[in-house]
Protein chains: 2
Amino acid sequence: MTGNESARRHTRDDVAETALRILDDYGLPDLTMRRLAAALDVQASALYWHFPNKQTLLAELADRIVGRAAVPAAGAGADWPDRVRGEAAALRDALLAYRDGAEVVASTAALGLGGAPAQQRLEAAVRSGGFDDETAARAATALLHFVLGHVSHEQQRMQFDSIGVLATGEAADPLDETDSAAAFAFGVDLLVGGLHRLRDASAPAAADRPEEISRSRT
Amino acid sequence: MTGNESARRHTRDDVAETALRILDDYGLPDLTMRRLAAALDVQASALYWHFPNKQTLLAELADRIVGRAAVPAAGAGADWPDRVRGEAAALRDALLAYRDGAEVVASTAALGLGGAPAQQRLEAAVRSGGFDDETAARAATALLHFVLGHVSHEQQRMQFDSIGVLATGEAADPLDETDSAAAFAFGVDLLVGGLHRLRDASAPAAADRPEEISRSRT
DNA sequence: ACCTGAACACCGTTCAAGT
DNA sequence: ACCTGAACACCGTTCAAGT
């Protein structure tokens, strides 16, 4: 026995979980409807009873991937910058947990299909700093774009390192996880710093109670 | 006569420019090797004399798209934040100039193939603020990820609006260019603000000469 | 409710051979 | 130097029909 192709008749959940396994084991380019069907011991056409098309399947995978993101144990004493950092880090970890996870989420988030919960969590974290809704929404999308772009890049390099393909000639850096994490934290800190600065600008003195803070210029 | 399928025998440049035209007219999913060959009045296999594979073709397109980005007329009196904002805006315009431009650049930038010049221009702008090389490099990648993510999203919505596909039910906002531009500027300002704050932190008083500024924590 | 079988309309890429 | 022709090994999706 090679997998979970046990007793015929599958559920939507089976299909999604098997797809996640293929994704993680072989990567997004190898996640085809025909390969997925074969893993389920079924004809490709059978998949269309569970999902109307591949796009919808991928959106479901995106939801599951970000849905597995840990809720940062913020404790009681977490201020808003740490909440934002915590959500960003949890999201990064969730994306890294599946091969090509960032690309799956990015491709469906762009369509407004998946990744919505991810943005909402980031948004809530920003709003806890007392920023108005539009500022929080925009900051959250900026954060999300950075996170998805960074982790996509990170995962692409992982594949290249394992395949041994070097594009730029040179012996391109072998992708140190410590470096990646530091570069990630730097980007998040830049955005958080920008928010901090927004707050300071709108409340020059006594700038420490989390009230409503207006956006810069409209 | 329908296009540029004139007198046989094409150059690499022909192929790339025709590909750009198909990209702009029909979008990335319709830019197939076979379609491109047909537009050139040639067999698909002929394209492989000019480019080793589709990936390389796309990298070439990415280079041409970002290569067409205007050099912001910064004048003499431009400070570093305006230089950064100017480069980011020029890059956005360049991506918007071709349908699916952001996705093309993003897909190849992730592979370390295309988009390198874009990053370098952003990096130079940041460095003009007196930041050290690693800070400038990291800030530039953060900016690039945001720009690519934002414009990809923007262009995806453009397609959906024109096709009339609404994912989230609701009558999803019809993508106001003014709003998009404002959200873009907000994101860039957040990153620029973060850099500003980095500088202020390392030079608490008399913080206005552009010297070397060290990165926060390593 | 869940799947088969067969088909439709495609893909990217390779390679011997032509001019 | 640049291209043809034919093939290889695939794709996603539809649809009548089966159980």
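In what follows, every chain begins at residue 1, and chains take the letters A, B, ... in the order their sequences are listed.
- For the pair B:Asp30 and A:Ala44, both in contact range of DNA chain C, the more 5′-proximal nearest nucleotide belongs to A:Ala44.
- When each of A:Thr135, A:Asp133, A:Asp132 is paired with A:Arg127, the side chain to side chain contact (heavy atoms under 4.5 Å, CB included) condition holds for A:Asp133 and for no other.
- Not a single ring-ring contact (aromatic ring centres under 6.0 Å, His included) links B:His50 to another residue, sequence neighbours left out.
- Phosphate contact (OP1/OP2 of D:dA1, side-chain N/O of B:His10, threshold under 4.0 Å): absent.
- Taking atom CH2 on A:Trp49 and atom C1' on D:dA17, their separation rounds to 17 Å, with Å as the unit.
- Which of D:dG18, D:dC3, C:dG12 sits closest to the side chain of A:Arg9 comes down to D:dG18.
- Projected onto DNA chain D by closest heavy-atom contact, A:Pro52 and A:Arg35 fall at different nucleotides, the more 5' of which corresponds to A:Arg35.
- Listed by first and then second residue, the side chain to side chain donor-acceptor pair (under 3.5 Å) pairs involving residues 100-120 of chain A are A:Asp100-A:Gln159 (not counting sequence neighbours).
- Nucleotides D:dC10 and C:dA9 place their P atoms 22 Å apart, quoted to the nearest Å.
- Going from atom CG of B:Leu31 over to atom P of C:dG12 covers 8 Å, rounded to whole Å.
- Under a cutoff of 6.0 Å and an axis angle of 45°, B:Arg99 and B:Tyr26 do not form a cation-pi pair.
- A salt bridge is defined here as a Lys NZ or Arg NE, NH1 or NH2 lying under 4.0 Å from an Asp or Glu carboxylate O, and B:Arg83 with B:Glu87 fails to meet this definition.
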Each base of DNA chain C marked ( ) or [ ] if paired in-strand (Watson-Crick or G-U under 3.5 Å), | if paired to another strand and . if unpaired gives ||.|||||...|||||.||
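- The ring-ring contact (aromatic ring centres under 6.0 Å, His included) check on B:Phe51 picks up nothing, with sequence neighbours excluded.
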Restricting both atoms to N or O, compile the protein contacts to nucleotides 5-9 of chain D shorter than 3.5 Å, with distance only.
unit_1 : atom_1 : unit_2  : atom_2 : d
D:dG5  : O6     : B:Ser45 : OG     : 2.7

* Asked: Which is it for A:Leu23 and A:Ile65 under the side-chain contact (heavy atoms from CB on, under 4.5 Å) test, yes or no, and what are the steps along the way?
  -> CA-CA 11 Å; A:Leu23 177 70; A:Ile65 290 170; 4.1 Å; yes
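- Rounded to whole angstrom, the span from the OH atom of B:Tyr48 across to the C1' atom of C:dC11 amounts to 9 Å.
- Screening residues 56-74 of chain B for side chain to side chain donor-acceptor pair (under 3.5 Å), with sequence neighbours left out, gives B:Arg12-B:Glu60, B:Asp13-B:Arg64, B:Glu17-B:Arg64, B:Glu17-B:Arg68, B:Asn53-B:Thr56, B:Glu60-B:Arg64, B:Arg68-B:Tyr98.
- Checked options B:Leu96, B:Val105, B:Leu144, B:Leu143; the residue passing with B:Leu91 is B:Leu144 (criterion: side chain to side chain contact (heavy atoms under 4.5 Å, CB included)).
- When the C1' atom of D:dC11 is taken as reference, atom CE of B:Met33 falls 17 Å away, rounded to whole Å.
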